[in-house]
Protein chains: 2
Amino acid sequence: MTKNAEGKASPVSGQGSRGRYPKGILRRQQILDRTVEVFADLGFEGTSLRAIGEAIGVSHAALRRYFETREELFLEVLREKDRQALAAAHDSGTAPGFAAMSANYVLKTPGLMALRHSMVARALEPGRGRSREFFRDRYRSIRQEARLVLQSAREQGTVRSDIPLDTAASLLVAAMDGLSTQTLLDPEVDMSAGMALLEQLLAPATAEAPRET
Amino acid sequence: MTKNAEGKASPVSGQGSRGRYPKGILRRQQILDRTVEVFADLGFEGTSLRAIGEAIGVSHAALRRYFETREELFLEVLREKDRQALAAAHDSGTAPGFAAMSANYVLKTPGLMALRHSMVARALEPGRGRSREFFRDRYRSIRQEARLVLQSAREQGTVRSDIPLDTAASLLVAAMDGLSTQTLLDPEVDMSAGMALLEQLLAPATAEAPRET
DNA sequence: GTCTATACAGGGATAGAC
DNA sequence: GTCTATCCCTGTATAGAC
């Protein structure tokens, strides 16, 4: 949305002048990458601007040239992970299907899951215009994606047709969120079992033989 | 676990001596109450020990006599809300049932939901012994509660008998968590519709006529 | 027992020099 | 573009008044 932290300069939009500010672009990417690493080690509170700057070899004040705020920096990290995940999903299949979606949803780096969770928590607070907007839109697009998966599954006969798809999409996303939280807190919880159960519940009654309690 | 922040002194355990330190007990409760209010206004970062102390009329250092750490104070707020919710649930029915459970799970105060979410996020990070243990145990007990609800529902014929109860309990709790997050971020999402759908999905195939997409 | 005063190390944000 | 210096804030810790 024409944000400032984004539209610094058109990076590769080749005007006549020789490839302009490559250093700034690289620096920006470097900051994002290092932030993820530092966060994995030190967590939310430990990932100070000074710690990030130190890991790169610049002062903390330098970071402000690229990100107006620590919160904006964190949001941008998540934005980029979403972009990467989207691109990766596009490259593989067309209709990812159930298991693929949840596998894609959970970030491999535990630090990133914690970061996402922390930022969502912030967004729930009063007066958080920026973050809240970001996550509201993000969840809307994830629900839409889930809806498409469900619709395609329904057409293949693996999802029953007597339920509202929008509500089912909400529930599916909620299950991924909630189950991943429980798994992260307690290895005893099996996320894939939970997702498999939901898939089974969503399937038409005529499906294959279920397993007993 | 015989924690220190708890066992300051036996409050009303009537020994021979006249009711001992009632002031400290009241003060402690006052701190917990005020913390919730301040958090609702100022959010996680805004709720500094100084801000809480100011709201009460004491210095921030005074708070440390009751809570060793800011994080411990926040955890204690959540602990107490859990206690209250448990007591309230006990007072009403025996087998709460589906809707009652989710209504009970979501805190009316939006600030408290944000606080809980923030603390869960903290617990997900590496090296968070205290918080993580707390939430691991908390989720275990909530899952157990959910399991009882599901079992009782199964005996009444409103939950199908061909699914593992433990996994279903995980999924149920995950749905409550995830849906409440989505609802808080976006009023467009209807949490009760999501829970109703899950209840419908859990019901045996012989149930009443479902509604169309 | 309860609290204030005070000190310390560290945080994010910011202004201006280079 | 990056730095240094600075501001005001934070959680934590200790000393000592009452």
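Letters go in sequence order (proteins before strands), and every chain restarts at 1.
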Quiz question: by atom type and distance under 3.5 Å, do the side chains of A:R154 and A:Q151 form a donor-acceptor pair? no

For A:V38 and A:I52, which heavy atoms make the closest approach, and how far apart are they? CG2-CA, 4.5 Å

Determine, stepwise, if the pair B:V77 / B:F39 fulfils side-chain contact (heavy atoms from CB on, under 4.5 Å). CA-CA 11 Å; B:V77 168; B:F39 195 97; over 6 Å; no

Whole-Å distance separating the CD atom of A:E54 from the C1' atom of D:dT2: 17 Å

Return the CG to CZ distance between A:L185 and B:F135, rounded to the nearest 0.5 Å. 8.0 Å

Are side-chain N/O atoms of B:E80 and B:Q84 paired as donor and acceptor at under 3.5 Å? yes

Within less than 4.0 Å of OP1 or OP2 of C:dC3, is there a side-chain N or O belonging to B:S59? no

Between atom CD1 in A:I52 and atom P in D:dT2, what is the gap in whole Å? 15 Å

Compare side-chain N and O positions of B:Y66 against OP1 and OP2 of C:dC3 and report whether any pair is under 4.0 Å apart. yes

Length of the CD-C1' vector between B:Q30 and C:dT2, whole Å: 13 Å

To the nearest Å, give me how far apart CZ (B:F74) and C1' (D:dG11) are. 11 Å

Return the CG to CG distance between B:L165 and B:L171, rounded to the nearest 0.5 Å. 12.0 Å

Here the distance between atom P of C:dT2 and atom CZ of B:F67, to the nearest Å, is 13 Å

Quick one, give me the B/S/- string for nucleotides 7-18 of chain C, reading 5' to 3', where B means a protein heavy atom under 4.0 Å from the base and S means that only happens at the primed atoms, P, OP1 or OP2. B---BBBB----

